[in-house]
There are 2 protein chains.
Amino acid sequence: MTHMTKERLLESGLGMLLERGYNDLGMQALLEATGTPKGSFYHHFRSKEDFTLQVIDRYMAEVHRGLDHSLGNTSLPPVERVRLFFELSQEKYRQEGYLGCLLGGVGQELSGVNETFRRKIESCFTAIATRIAGCLEEAQQRGELPPEKDPRQMADLLVDCWEGAALRSRLRRDPGPLGTMLDFYFSAAIR
Amino acid sequence: MTHMTKERLLESGLGMLLERGYNDLGMQALLEATGTPKGSFYHHFRSKEDFTLQVIDRYMAEVHRGLDHSLGNTSLPPVERVRLFFELSQEKYRQEGYLGCLLGGVGQELSGVNETFRRKIESCFTAIATRIAGCLEEAQQRGELPPEKDPRQMADLLVDCWEGAALRSRLRRDPGPLGTMLDFYFSAAIR
DNA sequence: ACTTACCAATAGACCGGTCGGTCTGGAAGG
DNA sequence: CCTTCCAGACCGACCGGTCTATTGGTAAGT
């Protein structure tokens, strides 16, 4: 009962931030959409910035759950586990109407001005790439990835290109760019 | 003399939009930075949105000049012309302090809410990809690109991945992601 | 068991500041 | 004289955030 309000705010906030971005999302809109009085919001969050950072944490928790599920699936070859993660993400994007990735959105919007968010988002990408790199290392040991490739660099590259494809998918409101990008990467990286 | 004010606004506007994005850039800041009174601004532009669209046009004019220069350099093999364009862009990003690409920034920020900008930015990407696709077709005819690849799709892919790398470069304030992405694409795509 | 005390959580009026945009007035120049 | 452009006072709306008042539930005190 007690922290349901906070939960509701984070949940709706995630969707609204994805659609509208940080600066275009006003307190009034958020509060009305969730039926929350101002006092409640500022009881649970220090500021709009604090709130948004917590929304990002929530988003990252989802991402890590997805990574657990995909990369943890040891019945698949490591490279296929990585691919599975992005195919899962693509399906999530579809459900949201192809609005892209929250990290890419907030990162793009705020990283020019706000150092806190710049670092935060970069650390999120680093975290994702690190987990993927671990999986690619395993692939390399198994001989399923050419030994001259640097797993770390390949993982960052994959994340970066994915974010670009996600932006284009947001612009076009369709999954095309995501699929094309994955096909290219996995056929090219693996040889 | 007459349109120097407008010129000044567009010029500064480009830099400020790149750094701060659309919603975070207030009229006051723009006007103060350029020493322009409000009356002048609204004499030359219908609205902030109109202004921003013109800034984008200006940005695209630059891009097309870069494409003219790179893709028009027939002393190079077509694929090298394409690569040259992105290496030129990378150098431009460096001069700006690695703030990424205006199209990516504004596109990411506004495409969730504003249909005008969504279409506008998408049409810009399409225009760039179209010109690159033309060059890749020439490469294909020369046998410098595998015949089974679709030049159009390869061009879109390149633009998308570039935008992703540009975002990461903005987050890290360094060119690493851009270079890695280009190396990967051109070694993998051409084969 | 009943009262009391306390506190997390809700509720919204209210704040100064800034937003994008309008309007009127005048200067400059053909 | 008439248009183009500069100049800035002014507008209502909304911004993120503060403040005080009041809930409702629970734990302690007797």
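Each chain gets a letter, A, B and so on, in the order the sequences are listed, and its residues count up from 1. Worth saying up front: this structure is predicted, and the values here are computed from it rather than measured.
- The distance from atom CD of B/Glu32 to atom C1' of D/dG8 is 13 Å, rounded to the nearest whole Å.
- For D/dC6, one of the phosphate oxygens OP1 or OP2 lies less than 4.0 angstrom from a side-chain nitrogen or oxygen of B/His44.
- Straight-line distance from the CZ atom of B/Phe41 to the C1' atom of D/dT4: 18 Å, rounded to whole Å.
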Atom pairs, protein N/O to nucleotides 17-20 of chain C N/O, distance under 3.5 Å:
{"residue": "C/dC19", "atom": "OP2", "partner": "B/Gln28", "partner atom": "OE1", "Å": "3.4"}
{"residue": "C/dG20", "atom": "OP1", "partner": "B/Leu25", "partner atom": "O", "Å": "3.3"}
{"residue": "C/dG20", "atom": "OP1", "partner": "B/Lys48", "partner atom": "NZ", "Å": "2.6"}
{"residue": "C/dG20", "atom": "OP2", "partner": "B/Met27", "partner atom": "N", "Å": "2.6"}
{"residue": "C/dG20", "atom": "N7", "partner": "B/Lys38", "partner atom": "NZ", "Å": "3.4"}

Quick one: side chains of residues 15-22 of chain A, donor-acceptor pairs under 3.5 Å with protein atoms, not counting sequence neighbours, listed by atom name and distance.
{"residue": "A/Arg20", "atom": "NH2", "partner": "A/Asp24", "partner atom": "O", "Å": "2.9"}

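- Partners of B/Lys92 under the salt bridge (Lys or Arg N to Asp or Glu O under 4.0 Å) rule, at least two apart in sequence or in another chain, are B/Glu62.
- Listed by first and then second residue, the ring-ring contact (aromatic ring centres under 6.0 Å, His included) pairs involving residues 151-171 of chain B are B/Phe86-B/Trp162, B/Tyr93-B/Trp162 (not counting sequence neighbours).
- Following rounding to the nearest Å, A/Arg46 (CZ) and D/dG17 (P) show an atom-to-atom distance of 11 Å.
- Listed pair B/Thr5 / D/dC6 meets the phosphate criterion, a side-chain N or O lying under 4.0 Å from OP1 or OP2.
- To the nearest angstrom, C1' of D/dG8 lies 16 Å from NE2 of B/His43.
- Applying the salt bridge (Lys or Arg N to Asp or Glu O under 4.0 Å) criterion to B/Lys120, with sequence neighbours excluded, gives B/Asp57.
- The distance from atom NZ of B/Lys6 to atom C1' of D/dT4 is 13 Å, rounded to the nearest whole Å.
- Between B/Phe45 atom CZ and D/dC6 atom C1' the separation is 15 Å, expressed in whole Å.
- Computed from coordinates, the A/Leu31 CG to D/dG17 P distance equals 12 Å when rounded to whole Å.
- Checked against salt bridge (Lys or Arg N to Asp or Glu O under 4.0 Å), A/Arg83 has the following partners two or more places apart in sequence or in another chain: A/Glu87, A/Asp183.
- Shown here is A/His64, whose NE2 atom has more than 12 heavy atoms of other residues, nucleotides or ligands within 6.0 Å.
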